[in-house]
Amino acid sequence: DGAREEELPPWADMLTVMQDAISGKPFDEVLLNMRERHGDAFRIYVPSLFGETIVLMGREANQFVFTEQDRNLDQALGGVVGTAVSGKKTMGTKERKSTESGKIFDKASVNFFSNKKALNKATKIFVESSEDFCDRMEREITPDANVFETLWRYVVQTNADMLYGNGENAGTIVCTTIDSINKEGLFAPQVRQAGEDLRKVLVRSYEDRVQNPEKYEGEDTMFEEFFRLSEGRADKEMLEGFQQFMLTLQLAANGNQLVTIRWLMSHVYENKELLEEVRAEVRAKLAEKPAGTTIRDFNLDDLLDLTLTNACITEAVRLHSDIPSKLTLRQAEIDMEFGGYKLPKGSTIFLYADAVHKDERYFPKSASFCPHRYTDPQAFNKMQMDREIVTFGHGRKRCTGELHARAQISALLASFVMRFDMDLKTNEPDNRIPEDHDGPFVFDTANSVCLVNLRKRTEDQDTLAGGASAKKTPAMAAAAVYAGRRVEAAQRPPPQQEEALGELREDASSKGSCPFAMFHGGE
C-alpha cells in the first residue's frame, strides 16, 4: 500500500481483545477498552469479512468520516449484507455505481425518498395504518401478550408495501428473513433462502408490470420507480442486483427501525412523567386543528413538529441502533491521514460512533434515556454540526429514509400513547429497563424488553393527564440552559475547560438518571 508499518495506526493487542470477549465482556466495553489502550486509531483483523481493518473513535473521528473525508470514503456495509443474503459476493457501493444497473438502483432510491408526493402519500399510509393497527390491538390482544410480537410484523409489512407495492407478498418474505437473523444470525441459511424467494417474487412482479402496466398506474413505490427507469427492459442480472439492493435496504432499515421502536416505546412507557409529556404534545397538536381532527388527519409537517416525540426517537437511536452508531463501515478511495497516521487507499475503516454517544463529556448520564437533550433546536443543531450526535449519519451518505422513519415512528407512538396504557416487563429486578450492550445485528437485550397488559385509556384519564402539558416548557428550557452552559465551557481555554465541564457533569450526576430530571420529574 506504499505506507511503512510505523506510519500506520498501531495493531490492537488481539490477545487481550480475545480474553475480554471470552470473559463475557459486552461489545461496547471491549471496543472502549481497546480505545483506552491504543487511542482513537488502531488496527484489528476480522477474518472472512473485512480482513485488516482500521478502527476510528472519538468526535474528531466522527468529523473525519462524516464531514472532512465523506466524499472520499465509499460505503462498504451494503456489500457485506448483500453477500450474506445472496450467498455470493455482492458489489460495494462504488462498484455498483460503475454499472448501468447500479446507476438505476441509486437513482430510483433517490427519486423515491426525495419525492415529496410519495412521502406525503407514505405519511397518510403511516397514520391510517397506525390507527388501524391500534384498532386491531384493541380487539384481539390478550393481557399477557407481548405487544412487540405483533407490532414488528406490522412495521415490516407496511414498509414492504411501500417499497414493493401491491401484489404478491414480499413483506412475508422480509419478515421471514428478519426472524431468521434474529434467531440464527446474519449468515444463516434461512437468510439466503429468503433472498432467493424474494428474487422469484420480484421477477414475477416485474414481468406482470410489463404485461399489465395499467394495474400499477399511479403507484408511488420504489419498485415502480425502478421499473420506470429501467423502461421495462431489465435483464436477469439487473433484476438479481435489484433483489440484493432491495433486501439489503429492507434489512438495514427494518433492523434499525424495529430496534428503535421497541426501545423507544419501552422507555416512554417506563417513565410515566415522560409518557404524559408525550401525550400532552400530541394533544396540543390536535388542539391546533379544527374540531373533530384525529391522528388520522395528521400530515408530515404535523408529525415532524412533535418536538419531544422526535427527540425521543433521536435518543432511542443514540442508545440502541446498529447503524451508524455501532457500525459505520467505509473504504478509503484515496490516501488520507488521521491523528498523525496514514490511512492508505483501499483501507477498510470501521468508525465506532457510539464512542461519542457513550462519552460523558458530550452526553452526561450517557446510559440514561433523556430526550430533553434535543428539545432546544439551536443546541441540537450544534450537536449535529459538531458530529456529537450522528443517529442518522451525515453528509452524502446520510440516511435517505430518515423522514419516512420519523413519520412512521411518530405516527405509531402518537396512536399508542393516546389510546393505551401498557406495562413494561423485563428480566431485571422490579422490571427495570436493562442497559443495552449488544453488538451489531444482535438483539438479545432488545428481545428481553416487553410491553404487556395493553388496556384502553378512559376519557377521564385523558382529561386528568392534561395537566402534564405544563411540564413540557421548563424541560425544554432546561435543555437550552444546559446546552448553553456546555458550549460556554467548551469555549474556555484548555486549563479551565475540563474543570468547567467537570462541574457540569457533577451537576448532572446529582440529578438522577437524566440531566434535566428536576424539570420534568424523571428519576
Fill in: Check ion pair Asp70-Arg398 (N to O, under 4.0 angstrom)
no
Practice prompt. Answer yes or no: is there a side-chain heavy-atom contact under 4.5 Å between Lys236 and Met238?
Written response: no
Item to complete: Ignoring hydrogens and angles, state whether a donor on the side chain of Gln69 or Asn72 is under 3.5 Å from an acceptor on the partner side chain.
Response: yes
Worksheet entry | Interatomic distance, Asn146 atom CG to Lys425 atom NZ [nearest 0.5 angstrom] | 8.5 Å
Worksheet item: Any idea how Phe27 and Tyr352 line up, ring-wise: parallel (<30°), tilted (30 to 60°), or perpendicular (>60°)?
Response: perpendicular
Item to complete: Please name the pair of heavy atoms, one in Ile54 and one in Pro9, separated by the smallest distance, quoted to 0.1 Å.
Response: CG2-CG, 4.0 Å
Fill in: Positive for side-chain hydrogen bond (donor to acceptor under 3.5 Å, both in side chains) with His320, one of Lys326, Glu315, His267
His267
Item to complete: Determine, step by step, whether Asp74 and Arg330 satisfy the salt bridge (charged side-chain N to carboxylate O under 4.0 Å, His left out) criterion, reporting the C-alpha distance in whole Å, the side-chain angles of both residues, the deciding distance to 0.1 Å, and the verdict.
Response: CA-CA 5 Å; Asp74 186 28; Arg330 299 284 191 265; over 6 Å; no
Worksheet item: Ring centroid separation for Phe112 and Phe226, is it under 6.0 angstrom?
Response: no
Discussion item. Using 0.5 Å steps for rounding, measure from the OG atom of Ser266 to the CG atom of Asn431.
Written reply: 11.0 Å
Fill in: Plane angle bin for His394 and Phe66 - parallel if under 30°, tilted between 30 and 60°, otherwise perpendicular
perpendicular
Worksheet entry | Atom pair OG1 (Thr391) and CD1 (Ile389), whose distance is rounded to the nearest 0.5 Å | 4.5 Å
Worksheet item: Where do Glu360 and Ser366 land on the side chain to side chain donor-acceptor pair (under 3.5 Å) test, with the steps shown first?
Response: CA-CA 6 Å; Glu360 295 290 321; Ser366 61; 2.8 Å; yes
Discussion item. For a quick check under 3.5 Å, do Thr67 and Arg387 share a side-chain donor-acceptor pair by atom type?
Written reply: yes
Worksheet item: How far does CD1 of Ile409 sit from SG of Cys312, to the nearest 0.5 angstrom?
Response: 11.5 Å
Fill in: Spacing of Met57 atom CE and Asp359 atom CG [to the nearest 0.5 Å]
12.0 Å
Discussion item. Side chains of Glu402 and His404 only: does a donor on one sit below 3.5 Å from an acceptor on the other?
Written reply: no
Worksheet item: Asn62 and side-chain contact (heavy atoms from CB on, under 4.5 Å): which partner among Val356, Asp386, Thr328?
Response: Val356
Item to complete: Please determine which of Asp354, Asp28, Asp40 meets the salt bridge (Lys or Arg N to Asp or Glu O under 4.0 Å) test together with Arg35.
Response: Asp40
Discussion item. Is it the case that the side chains of Thr314 and Arg406 hold a donor-acceptor pair, with the cut-off being a distance below 3.5 Å and no angle test?
Written reply: yes
Practice prompt. Measure from NZ or CZ of Arg318 to the centre of the six-membered ring of Phe363 and say whether it is under 6.0 Å with the direction within 45° of the ring axis.
Written response: yes
Practice prompt. Enter the distance from Leu412:CG to Leu264:CG here, rounded to the nearest 0.5 Å.
Written response: 9.0 Å
Worksheet item: Side-chain donor-acceptor pair under 3.5 Å between Glu5 and Trp11, yes or no?
Response: yes
Discussion item. Quick one about Gln257 and Gln408 (side-chain donor to acceptor, distance below 3.5 Å, no hydrogens or angles considered), yes or no?
Written reply: yes
Worksheet item: Under 4.5 Å between any side-chain heavy atoms of Phe380 and Asp376, yes or no?
Response: no
Discussion item. Strictly below 4.0 Å, N to O, side chains only: are Lys345 and Glu333 in salt-bridge contact?
Written reply: no
